[in-house]
Amino acid sequence: MMLIPAHHFRDIERKPEYLQPEKCVPPPHPSPVGTMWFIRDGCGIACAVVTWFLVLYAEFVVLFVMLIPSRDYVYSIINGIMFNLLAFLALASHCRAMLTDPGAVPKGNATKEFIESLQLKPGQVVYKCPKCCSIKPDRAHHCSVCKRCIRKMDHHCPWVNNCVGENNQKYFVLFTMYIALISLHALIMVGFHFLHCFEEDWTNLLQAYGPIREETAEARISLHEKKQPLKVSSTECSSFSPPTTVILLILLCFEGLLFLIFTSVMFGTQVHSICTDETGIERLKRKHQPRERTGSWKSVKETFGGDFSLNWFNPFSGLRHPKPLSDSDWVRQVASLSDTENTETTEEQSEQRKDEDSVEVTDE
């Protein structure tokens, strides 16, 4: 069955009365400007805490198992500074992505006064979200976790306990990039640590702590006769016993490999979305709405806040143009429909599509 153009625009209403604005009232206590954005979601908060814990665990193993016991001070200082800098930037990017308003639409603005102030003309429509009672601008989607409509929403990420949207996509991209870099750095250091320490120091240590005491005693006598004293502890490779050291390094290796793959995929996906000017929701839903797409380089500059500079990699630099929405941003232009087409799209079908939209988290 051929779909008429009206089917491409759900929740389209031309009259304030049809939007039922009397059921939409603004929040009794609107949040003041500058209020910190934070989502009170138990799963998201737990994931954010786990993220910090894993980064701090990697910090502990890198410092106290590999770098501090090493006698190569140049190696320890260079890698310590590099790893700690990347970890600091990763956690700072995580905080900015979690505590930054992703581009939430004002809640409860679908009032009769606001709709009438838009002065809709023939061919102009507005979209109403029945969940949060907001007028949705173009490319905005409702998130059931944040309970808000988010402008240019890509997806909701529990690891940052927030949506990835228009205002915080830069910080999410930086977070995935820095996590991938510290994971790769940790894996490289673990590899060098095993190669350097296993044959030299750990062979004697494993003999000293081995389960078969008789073989250990014979090895001690043999080494004593050869005037080669046994090293019971290693101050160069680790301050911990060999079993503990091996377990800590294996866990770090598993963590680094897992997060390297995961964050690299997320980083590539986000860069692709920015360059194509298509969010993850739009790509999954295949919503090819008639709109003018921004060029790749222009879209990248808008996301990262201006021309290329070191501020692109700085999680503390904000966007240069967090511009508020104007009246024209709330209104969308569509082609005029004939009377026949209008009669084919009944009010019941429109209500059914509206209900379908309100149930989906990532759809309009």
Side-chain angles (χ1 to χ4, degrees), residues 47-70 72-98 154-155 157-160 164 168-198 202 236-238 240 244-275 280 300 303-304 308-317:
C47 290
V49 171
V50 169
T51 301
W52 275 69
F53 171 78
L54 293 175
V55 174
L56 294 178
Y57 170 78
E59 182 82 14
F60 169 79
V61 176
V62 168
L63 289 180
F64 295 98
V65 177
M66 291 190 287
L67 296 183
I68 292 180
S70 177
D72 190 345
Y73 299 110
V74 176
Y75 172 85
S76 298
I77 292 174
I78 294 176
N79 284 278
I81 293 176
M82 185 182 302
F83 186 86
N84 281 276
L85 179 61
L86 292 175
F88 173 76
L89 292 173
L91 294 180
S93 301
H94 182 271
C95 287
R96 292 302 301 272
M98 179 172 59
D154 187 88
H155 69 286
C157 179
W159 295 105
V160 298
V164 178
N168 68 341
Q169 190 173 25
K170 167 189 173 179
Y171 308 125
F172 183 77
V173 171
L174 293 181
F175 167 68
T176 57
M177 181 184 72
Y178 288 130
I179 289 293
L181 289 177
I182 64 173
S183 299
L184 179 62
H185 189 199
L187 288 173
I188 293 174
M189 285 191 292
V190 170
F192 277 112
H193 197 76
F194 271 112
L195 292 176
H196 176 68
C197 297
F198 185 81
W202 290 7
E236 182 177 356
C237 287
S238 177
F240 301 90
T244 303
T245 302
V246 171
I247 292 175
L248 291 174
L249 291 179
I250 289 178
L251 290 177
L252 177 61
C253 188
F254 177 77
E255 174 193 343
L257 184 62
L258 180 65
F259 276 88
L260 175 61
I261 297 174
F262 177 74
T263 55
S264 297
V265 172
M266 289 301 300
F267 175 78
T269 303
Q270 289 299 302
V271 171
H272 179 265
S273 297
I274 295 172
C275 293
V300 171
T303 302
F304 288 91
F308 177 78
S309 66
L310 291 178
N311 283 329
W312 278 23
F313 308 98
N314 181 12
F316 298 99
S317 65

- [ ] Search all heavy atoms of Pro315 against all heavy atoms of Arg96 and return the closest pair with its distance.
- [x] O-NH1, 2.9 Å
TODO: For residues Leu67 and Met189, determine if any side-chain heavy atom of one lies less than 4.5 Å from a side-chain heavy atom of the other.
DONE: yes
- [ ] Return the orientation label for the His185 and Phe83 ring planes: parallel under 30°, perpendicular over 60°, tilted otherwise.
- [x] tilted
Task: Option among Thr176, Leu174, Thr51 that satisfies the side-chain contact (heavy atoms from CB on, under 4.5 Å) test with His94 - done: Thr51
Open item on the list: Quick check: do Cys253 and Leu187 have side-chain heavy atoms less than 4.5 Å from each other?
Closed with: yes
Open item on the list: For Leu85, is there any backbone N or O sitting under 3.5 Å from a side-chain donor or acceptor partner on Tyr178?
Closed with: no
Task: Point-to-point distance, once rounded to the nearest 0.5 Å, from OG of Ser93 to CZ of Phe313 - done: 11.5 Å
Task: Results of side chain to side chain contact (heavy atoms under 4.5 Å, CB included) for Ile188 - residues two or more places apart only - done: Leu184, Phe192
- [ ] Decide yes or no for Phe172 and Met266: does some side-chain heavy atom of the first lie under 4.5 Å from some side-chain heavy atom of the second?
- [x] yes
Task: Partner residues of Phe308 under the ring pair (Phe, Tyr, Trp, His ring centres under 6.0 Å) criterion, sequence neighbours left out - done: Trp312
- [ ] Identify the two heavy atoms, one from Cys47 and one from Pro158, that lie closest to each other, and give their separation to 0.1 Å.
- [x] CB-O, 3.2 Å
Task: Within-4.5 Å side-chain heavy-atom neighbours: Phe304 and Ile274 - done: yes
Open item on the list: My understanding is that only residues two or more places apart in sequence, or in another chain, count here; which of them pass side chain to side chain contact (heavy atoms under 4.5 Å, CB included) with Val50?
Closed with: Leu54, Trp159
TODO: Locate the shortest heavy-atom distance separating Asp154 from Gln270; write the atom from each residue and the value.
DONE: OD2-NE2, 3.0 Å
Open item on the list: Suppose we screen for side chain to side chain donor-acceptor pair (under 3.5 Å). Which residues come up paired with Thr244, at least two apart in sequence or across chains?
Closed with: Ser241
Task: Flag side-chain contact, heavy atom, 4.5 Å: Val160 against Tyr171 - done: no
TODO: State, yes or no, whether a side-chain contact exists between Val65 and Pro69 at a heavy-atom distance under 4.5 Å.
DONE: no
- [ ] Would you confirm whether Ser70, through its side chain, and Met66, through its main-chain N or O, come within 3.5 Å as a donor-acceptor pair?
- [x] no
Open item on the list: Checking Leu91 now: which residues fulfil side chain to side chain contact (heavy atoms under 4.5 Å, CB included) with it, not counting sequence neighbours?
Closed with: Trp52, Val55
Task: Nearest heavy-atom neighbours spanning Phe64 and Phe240 - done: O-CE1, 3.8 Å
TODO: Indicate the ring-plane relationship of Phe262 and Phe259, choosing parallel, tilted or perpendicular according to the 30° and 60° boundaries.
DONE: perpendicular
Open item on the list: Using the rule given for side-chain contact (heavy atoms from CB on, under 4.5 Å), can you reason through Val300 versus Cys275, listing the C-alpha separation, both sets of side-chain angles and the distance that settles it, and then say yes or no?
Closed with: CA-CA 6 Å; Val300 171; Cys275 293; 4.1 Å; yes
Task: Test side chain to side chain contact (heavy atoms under 4.5 Å, CB included) applied to Ile250 - qualifying residues, sequence neighbours left out - done: Val246
Task: Beyond-backbone contact of Lys170 with Val173, side-chain heavy atoms, under 4.5 angstrom - done: no
TODO: Return yes when atom OH of Tyr75 has more than 12 non-hydrogen atoms of other residues, nucleotides or ligands closer than 6.0 Å, and no otherwise.
DONE: yes
Open item on the list: Less than 4.5 Å apart, side chain to side chain, heavy atoms only: is that true for Val62 and Leu252?
Closed with: yes
